[in-house]
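Quick caveat: nothing in here was measured; it's all calculated off a predicted structure. First listed ligand is number 1; within each ligand, the first listed atom is number 1.
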Amino acid sequence: MLSINRERFKENFSALANIGVMREGGINRPTFSNGHFKAREWFKQKTIDAGFKFKVDNAGNHIARFNCPSSTSPVLIIGSHLDSVPNGGKYDGALGVVAALEVLQTVKDSGVILPYHLEAIDFTDEEGTLVGLLGSSAVAGKLSEMEIANPRGNQDVLVDGYTKLGLSPSTILTSKRAPESIAGYIELHIEQGKILYEENIQVGIVTKIVGINSCSVTFLGRADHAGTTKMEDRLDASQGASSFGLTLFNRIKNNYPACVVNIGKMVFHPGAFNIVPEKVVVSVEFRAPESRQLDEIKFDLITVAKESAKAYNLKVEINFLGKHPPVIMDPRVRSTIKRVADSLGLKSREMPSGAGHDSQSFARICPSGMIFIPSKGGISHSPKEFSYWKDCVNGANVLLNTVLQGADYVQLY
Ligand SMILES: [Zn+2]
């Protein structure tokens, strides 16, 4: 079986891991931050140096392309993302992008002729600084005007970022590709949980990815003097928001054992020690393995928000900010990954993913698969995120050979 070039892979990974690095070792590359732009510039330069075609599409995705002889063939896409959460780790996303580029280089060096083109893509805004899975869902034709106009993140950052790239938010949707032009999608990623690490298994084969919904819930009351207003006279938005959060947590814990909810941010207005808050904006995200559960949780969330507002004589507004449905990874891709892992002498197991990934966008339009490697202690979205280098190399070799055996699963029209 063909192998990637370990030294080149390591050198590229290390170079990238130095971009956007914080003093304590964390990686800070939120979408369209300086670190993110620098990482993408690095990818562009590497692509050009390696002799591949380089392109930025209208969603800002950075694309390295290696053509096969037949111009009418579809493309097998491999990739991940170079953006990070604030102060995150150096493996999340970056591993998949560097491995994708390494696969292109190995295939080119080997002289193997494939019946499909290959693209290694660094997708824009996977982590959700702005929308989440922005670049991949745009290519898959699953992004809406609404999500661009009403991002869960900062709209100014979105507009400024696209402007800096010489692009416009108004043309993001034109990056959609015809489904028949895409043969398949494969992504290598760290697990970000501890199943593989604890079971001492080198390769995870993703079966499905949970669905994710996010919304902002705003409680509205009245600002008052915090010293002179009696407790019973207050229209205190913080009381409604607090009651909402705790009731919702308990509801999910008790009624939806396979689902999770997170309140990642609460913003108090005007936000001072001595003023009763007139407004609190709560950022909520919830995840579920089944679409039906996402709908049920949405209904429960609305009920809890209204009840919490009513209990404290407040008004409440709920703004749903995008939804990524749960998806199943293609069974043919899964069995190819399994066969490749077996041939390489690697232990593998199937597993669901509780984290969202760009493969979620593609699984809706073409045969898609995901390869996980162990995360030490299951830690991720943290400077402590770590994977052993031998596992990274194993993952890249599984990716390479899964790409080479695309004839087993790709759609060729
Ligand atoms: Zn990721």
task = Measure from the side-chain N and O atoms of H269 to the backbone N and O of G271, and report whether any donor-acceptor pair falls under 3.5 Å.
result = no

Looking at H81, the N, O or S atom sitting nearest the Zn ion (ligand 1) is NE2

Side-chain donor-acceptor contact under 3.5 Å, H381 with D92: yes

Q) Does R8 pair with E102 as a salt bridge, N-O distance under 4.0 Å? A) yes

- Could you tell me whether the side chains of N12 and K46 share a donor-acceptor contact shorter than 3.5 Å? yes

The Zn ion (ligand 1) has as its nearest N, O or S atom from H189 the atom NE2

Closer than 2.8 Å to the Zn ion (ligand 1): does that hold for any N, O or S atom in D92? yes

### Message
Is H357 close enough to the Zn ion (ligand 1) that one of its N, O or S atoms comes in under 2.8 Å?
### Response
no

